[in-house]
Amino acid sequence: FEFPMSSSSMKLGYWKIRGLAEPIRMLLQYAGIDYEEVVYEQGDAPGYDKSVWFDVKFTLGIEFPNLPYLIDGDLKLTQTISILHYLSAKTGLFPKSSNPADISRYDMIDHVILDFFLMGVRLCYSSPEDFAANRSAVVEKAKETMKQFSGALGQNKFFAGNDITGTDFWMFEAIDRFVKLDPTFIEHDNLKKFMERIKDLPQLQKYFSSPDSTHNWLSTTSMLHFVSY
């Protein structure tokens, strides 16, 4: 099945942070898809006003309004994994297997990544006292999942074998978050090579090197005490 290219510009809406949108941005950059970045920037401290989004949230015709959202012609999607699955299928960056068991396994990995990702997010949205007290324990807990990721990757280049998929961009972003918390976080050689493999992709050289790239944005909002995350 071939997805028709939309006649209007694709739009990706999200806060001015990497957050849950960054793996989507990576996929779009890799696939060479032109799109409009719709940026919602919260106000300054102490209020951190978010009306720039909430004032328009229910006016866009989105069935389940949320950020990130993707608008592609008449299609309006929210939720990171759903958007990644759609774009992966549209661009051919989807697992080549037609076996339902294989497809379900890749879907499972995407949801495990979300749980893993949120471990770090919850830590960094906690109070300064809780952050200091729990940082080491959360990193160690995340390393348990990294052991599972290493086993899932095995000797493969990517998580669906030799073919890159949206899951790989999702995985890269989630692991990269924890590397910011602990530069020695990656302990498994195959995951170290996986991260380097993503960084070395020719299609993403501008993404990683340009000073204007969203890769240089904060991972989470400026409300956090650990603002380099």
Side-chain angles (χ1 to χ4, degrees), residues 18-32 80-81 83-85 87-89 91-124 135-209 213-216 219-220 228-229:
R18 285 165 63 174
L20 288 164
E22 202 61 18
I24 302 169
R25 294 174 179 133
M26 290 181 71
L27 190 157
L28 290 167
Q29 293 277 343
Y30 177 86
T80 297
I81 293 175
I83 294 171
L84 283 171
H85 285 184
L87 290 173
S88 294
T91 59
L93 300 176
F94 203 69
K96 301 301 186 287
S97 174
S98 60
N99 185 333
D102 290 337
I103 299 300
S104 296
R105 176 176 177 269
Y106 304 137
D107 184 65
M108 175 182 68
I109 293 173
D110 284 335
H111 285 83
V112 173
I113 295 171
L114 178 60
D115 291 340
F116 173 78
F117 180 94
L118 291 176
M119 287 172 60
V121 171
R122 284 191 290 268
L123 172 68
C124 290
R135 177 175 179 171
S136 295
V138 170
V139 168
E140 289 306 309
K141 181 68 174 177
K143 286 182 179 180
E144 296 176 12
T145 306
M146 286 288 279
K147 182 178 180 180
Q148 297 171 336
F149 287 154
S150 177
L153 179 61
Q155 298 303 310
N156 294 321
K157 292 174 62 177
F158 302 108
F159 279 85
N162 290 323
D163 299 315
I164 193 167
T165 69
T167 295
D168 298 300
F169 303 117
W170 190 202
M171 184 69 76
F172 177 92
E173 179 65 15
I175 293 176
D176 195 50
R177 297 295 190 86
F178 278 98
V179 172
K180 291 182 179 299
L181 287 171
D182 178 1
T184 66
F185 179 70
I186 307 175
E187 298 176 337
H188 303 275
D189 286 342
N190 63 342
L191 290 177
K192 290 178 182 178
K193 292 177 182 178
F194 166 79
M195 296 294 282
E196 290 302 318
R197 196 171 290 123
I198 296 295
K199 290 179 182 177
D200 289 341
L201 290 169
Q203 299 91 331
L204 292 181
Q205 290 311 294
K206 183 177 179 181
Y207 168 80
F208 285 116
S209 64
S213 172
T214 59
H215 181 67
N216 297 318
S219 295
T220 43
S228 63
Y229 178 74

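These values consider heavy atoms only, across backbone and side chains, with no hydrogens, waters or symmetry-generated copies. Each residue takes its place number in the sequence, starting with 1.
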What pair of heavy atoms forms the shortest contact from [X] to [Y], and how long is it?
X: Pro95; Y: Thr165; value: N-CG2, 3.7 Å
X: Leu27; Y: Gly166; value: CD1-CA, 3.8 Å
X: Ile113; Y: Ala174; value: CG2-CB, 3.7 Å
X: Glu173; Y: Pro23; value: CG-CD, 3.9 Å
X: Met146; Y: Ile186; value: CE-CG1, 4.0 Å
X: Ser97; Y: Asp102; value: OG-OD2, 2.6 Å

Note: [X]-[Y] ion pair, threshold 4.0 Å (strictly below):
X: Lys193; Y: Glu196; value: no
X: Glu22; Y: Arg25; value: yes
X: Arg18; Y: Asp176; value: yes

Test item: [X] side-chain N/O and [Y] main-chain N/O as donor-acceptor pair under 3.5 Å:
X: Ser150; Y: His188; value: no
X: Trp170; Y: Ile81; value: no
X: Arg135; Y: Asp182; value: no

Whether His85 and Phe94 hold their rings parallel, tilted or perpendicular, with breakpoints at 30° and 60°: perpendicular
Plane angle bin for Phe178 and Phe116 - parallel if under 30°, tilted between 30 and 60°, otherwise perpendicular: tilted
In the structure I gave you, are the side-chain heavy atoms of [X] and [Y] within less than 4.5 Å of one another anywhere?
X: Arg197; Y: Phe158; answer: yes
X: Tyr30; Y: Thr91; answer: no
X: Thr214; Y: Tyr207; answer: yes
X: Met171; Y: Leu191; answer: no
X: Arg177; Y: Leu181; answer: no
X: Leu93; Y: Ile164; answer: yes

Nearest-0.5 Å distance, [atom1] of residue [X] to [atom2] of residue [Y]:
X: Met108; Y: Tyr106; atom1: CE; atom2: OH; value: 10.5 Å
X: Asn190; Y: Leu153; atom1: CG; atom2: CG; value: 4.5 Å
X: Lys143; Y: Lys147; atom1: NZ; atom2: NZ; value: 13.5 Å
X: Lys199; Y: Gln205; atom1: NZ; atom2: CD; value: 11.0 Å

Sole residue of Leu201, Leu84, Asp168, Leu204 in side-chain contact (heavy atoms from CB on, under 4.5 Å) with Met26: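 The passing option is Leu204.
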Ring pair (Phe, Tyr, Trp, His ring centres under 6.0 Å) partner of Phe194, the single match among Phe149, Phe172, Phe159: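 Of Phe149, Phe172, Phe159, ring pair (Phe, Tyr, Trp, His ring centres under 6.0 Å) with Phe194 is met by Phe159 alone.
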More than 12 heavy atoms of other groups within 6.0 Å of Lys141 NZ: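 Result for NZ/Lys141: open.
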Full working for side chain to side chain contact (heavy atoms under 4.5 Å, CB included) between Leu28 and Phe169: CA-CA 10 Å; Leu28 290 167; Phe169 303 117; over 6 Å; no
